[in-house]
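For clarity, every value in this text was computed on a predicted model and none was experimentally measured.
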Amino acid sequence: MKNNESPDADQHDKSDRSEQRDAVLDSAHKGDIRGAFGTISQHDVSARSSWKARLLTLLAVMGPGLIVMVGDNDAGGVATYAQAGQNFGLTLMWTLPLLIPVLIVNQEMVVRLGAVTGVGHARLINERFGKFWGMFSVGDLFILNFLTISTEFIGVSLSLGYFGVSQYLSVPIAALLLVAMTATGSFRRWERFMFVFILANFLVIPLAVLRHPSPGAFFHGLVIPGVQGGFNSTSVLLIIAIVGTTVAPWQLFFQQSNIVDKRITPRWINYERFDTVVGSVVTVFAASIMVAVVAVAFAHTHLAGNFTDAGGVARGLRKYVSHIAGSLFAIILLNASIIGAASVTLSTSYAFADVFGAKHSLHRSWKDAKLFYGVFTGMVGLAAGLILIPGAPLGVITTGVQALAGVLLPSATVFLLLLCNDKAVLGPWVNRPWLNALAGVIISILLMMSLILMATTVFPNINVNQLVVALGLVLAVLYLGGAVFLFLRRGANKNDGKISREQRSTWRMPSLNLLERPKWSRGRLAGMYVLRGYLVVAVILLLVKAVQLGLHR
């Protein structure tokens with residue numbers, strides 16, 4: 001079998017770029033799928049008629065969906081879920097199952113973009129919307145990712161600090177480990193490393209065995225909305241942080257580039273969709289257990305409502321449950337920190353090299369992709385150094401970064417939605433009207449949440465319940481108007497001609513330099529500027545709220 005682990009692509013790059021009419025930028029992104037659990041030939045067109053054949057294919061394809069989802073239960077996620085349980089008991093658990101459709105809708109669009117275009121998310125935005133909007137989107141990503149990576153090293157410091165290891169030893173070792181397991185020159189080897197961390201994610205199960213709520217209380221928290229103590233700026237901040245840590249902008253960039261790097265084409269989209277759905281369920285399952293365990297363990301103790309950071313949670317579990325529970329939580333936090341740092345940093349490295357047209361593949365060695373691995377190493381080194389500054393309010397920083405991700409998510413989702421309605425990019429794979437409607441609902445709710453945060457920060461005494469009702473009525477009117485609009489335009493978005501299933505499975509986006517850039521109407525352009533301005537104000541007020549919490553910790 002032909003080995004594509006470390007392709008000697010240099011001699012072919014120029015000829016590939018001149019001859020190819022597809023958009024793939026790096027020749028290492030072409031070839032056999034070489035996943036952690038199997039290989040699929042680049043030229044494989046055989047039907048999968050038996051369950052065994054389908055399972056073997058799934059095992060070879062699966063990876064990007066699980067990794068991006070479990071990677072999202074990172075150090076910031078663990079800390080945020082623990083804070084929700086410690087400060088609000090089981091009353092915020094209802095937010096988690098609501099995020100499953102958000103995860104699936106967002107990441108399914110990413111799956112199609114990656115498999116059909118063969119190009120990373122950052123490159124597509126830059127080429128289709130221009131450098132200004134590309135810098136807007138990718139610039140936000142770089143800033144947010146750097147802060148997120150810093151929270152991963154906060155997790156490393158707190159988790160190993162629980163076992164008495166100095167952060168001046170644990171953080172540098174973790175940074176070296178991240179670089180070593182990423183820059184191996186083998187996509188398969190890297191993916192196998194990731195699956196080790198995915199399996200470690202299930203340590204939440206023995207943690208739940210040690211301390212868990214009654215089934216009735218657990219499921220009540222999952223399905224009945226409410227907030228212990230009522231809605232206010234602090235609880236809204238935490239809800240946005242839960243959204244931001246579970247559905248983060250970096251996921252869009254990472255999964256699309258990872259799908260491209262794994263060489264997944266439209267023929268295997270359904271397998272990658274399944275991989276993504278499983279990953280979203282696993283993510284919410286683990287998050288729910290963490291909230292529930294901490295909520296029950298700290299109920300009616302002096303720690304209830306007094307979250308400091310994830311290290312304090314581990315020590316609290318040791319005191320009120322057992323030494324094993326505290327150690328398990330610390331190990332879960334360490335595992336989350338490593339897989340989160342690996343995924344978030346890689347999404348940055350992919351995006352940076354993608355925009356600048358440099359080689360960017362885990363199939364390549366360090367020597368063959370210096371910029372790609374150099375950005376990865378630089379981000380890891382800078383983020384690791386930042387958290388070694390003494391006296392920083394680690395818990396507030398972690399929550400603030402997750403909330404920032406939630407505030408910036410609507411912008412990332414808007415660009416995603418525009419790309420998935422670009423027929424030149426996706427051809428027969430463009431969004432269907434019902435999917436656009438669902439994505440629009442998601443974006444509007446995220447904007448409403450950030451608006452509530454802004455209002456409660458500027459006007460601390462505002463009646464949040466009345467504000468929620470008022471904004472809910474506004475959204476209801478907008479949804480009704482949107483439904484009427486879609487009804488009147490029914491049939492307008494149908495394809496002019498039918499395309500066979502086989503043609504659909506082999507359709508790829510042409511080279512980007514062959515595509516005419518879409519023209520925006522004045523209304524759409526104005527809407528994008530308004531969104532940008534709104535997000536700038538929202539971020540500023542988020543920083544104000546974070547500072548307020550830091551001063552009163």
Side-chain angles (χ1 to χ4, degrees), residues 23 25-26 106 109-110 113-114 117-148 244 248-257 260 344 347-358 360 371-372 375 378-379 404-426 430-431 436 439-440 443-444 446-447 450 454 509-543:
L25 298 173
D26 190 329
N106 273 17
M109 289 192 281
V110 169
L113 280 174
T117 68
V119 175
H121 203 66
R123 181 78 179 197
L124 275 182
I125 292 174
N126 203 56
E127 292 289 337
R128 299 304 286 160
F129 307 133
K131 292 183 178 180
F132 173 79
W133 294 107
M135 289 301 296
F136 163 24
S137 179
V138 178
D140 286 350
L141 175 79
F142 287 166
I143 295 171
L144 179 60
N145 279 10
F146 177 73
L147 295 172
T148 304
W250 71 262
Q251 293 175 268
L252 312 180
F253 292 82
F254 172 82
Q255 189 172 4
Q256 184 167 333
S257 290
V260 172
V344 177
S347 77
T348 311
S349 192
Y350 272 136
F352 191 90
D354 205 24
V355 167
F356 289 97
H360 53 292
L371 179 65
F372 175 62
V375 170
M379 290 285 285
L404 178 61
V407 168
L408 294 178
L409 182 61
S411 170
T413 306
V414 166
F415 281 111
L416 175 63
L417 196 57
L418 291 173
L419 287 172
C420 285
N421 283 277
D422 190 336
K423 290 186 177 180
V425 169
L426 283 184
V430 291
N431 277 4
N436 287 330
I443 292 170
S444 64
L446 292 172
L447 287 173
S450 64
M454 291 171 61
M509 183 182 75
S511 179
L512 284 167
N513 58 20
L514 300 177
L515 303 181
E516 183 178 351
R517 183 176 293 173
K519 295 181 180 179
W520 284 0
S521 66
R522 290 184 178 180
R524 175 175 290 184
L525 189 60
M528 292 299 293
Y529 279 119
V530 169
L531 175 62
R532 180 57 172 171
Y534 171 80
L535 291 177
V536 169
V537 174
V539 169
I540 292 173
L541 291 178
L542 173 62
L543 292 175

*So, the side chain of Asn431 versus the backbone of Asn436: is there a donor-acceptor pair under 3.5 Å, distance only?*
no
*Asn126 side chain to Val355 main-chain N or O, any donor-acceptor pair under 3.5 Å?*
no
*Would you please name every residue forming a ring-ring contact (aromatic ring centres under 6.0 Å, His included) with Phe415, sequence neighbours left out?*
Phe129, Phe136
Quick check: do [X] and [Y] have side-chain heavy atoms less than 4.5 Å from each other?
X: Val375; Y: Phe356; answer: no
X: Met109; Y: Leu419; answer: no
X: Trp520; Y: Met528; answer: yes
X: Trp250; Y: Leu141; answer: yes
X: Arg123; Y: Leu25; answer: yes
X: Thr348; Y: Phe146; answer: no
X: Leu515; Y: Met509; answer: yes
X: Asp354; Y: Leu124; answer: no

Which pair of heavy atoms, one from [X] and one from [Y], lies closest together, and at what distance?
X: Arg517; Y: Gly130; result: NH1-CA, 3.5 Å
X: Ala424; Y: Pro510; result: O-CD, 4.0 Å
X: Ser257; Y: Gly120; result: OG-CA, 3.7 Å
X: Asn421; Y: Val430; result: C-CG1, 4.2 Å
X: Gly114; Y: Val260; result: O-CG2, 3.5 Å

Can you measure from [atom1] ([X]) to [atom2] ([Y]) and round to the nearest 0.5 angstrom?
X: Leu426; Y: Thr117; atom1: CG; atom2: OG1; value: 7.5 Å
X: Leu113; Y: Gln255; atom1: CG; atom2: CD; value: 10.5 Å
X: Asp422; Y: Leu417; atom1: CG; atom2: CG; value: 11.5 Å
X: Met379; Y: Phe142; atom1: CE; atom2: CZ; value: 7.5 Å
X: Asn513; Y: Glu127; atom1: CG; atom2: CD; value: 8.5 Å

*asked:* Quiz question: by atom type and distance under 3.5 Å, do the side chains of Ser347 and Asn145 form a donor-acceptor pair?
replied: yes
*What residues, two or more places apart in sequence or in another chain, satisfy side-chain hydrogen bond (donor to acceptor under 3.5 Å, both in side chains) together with Gln256?*
His121
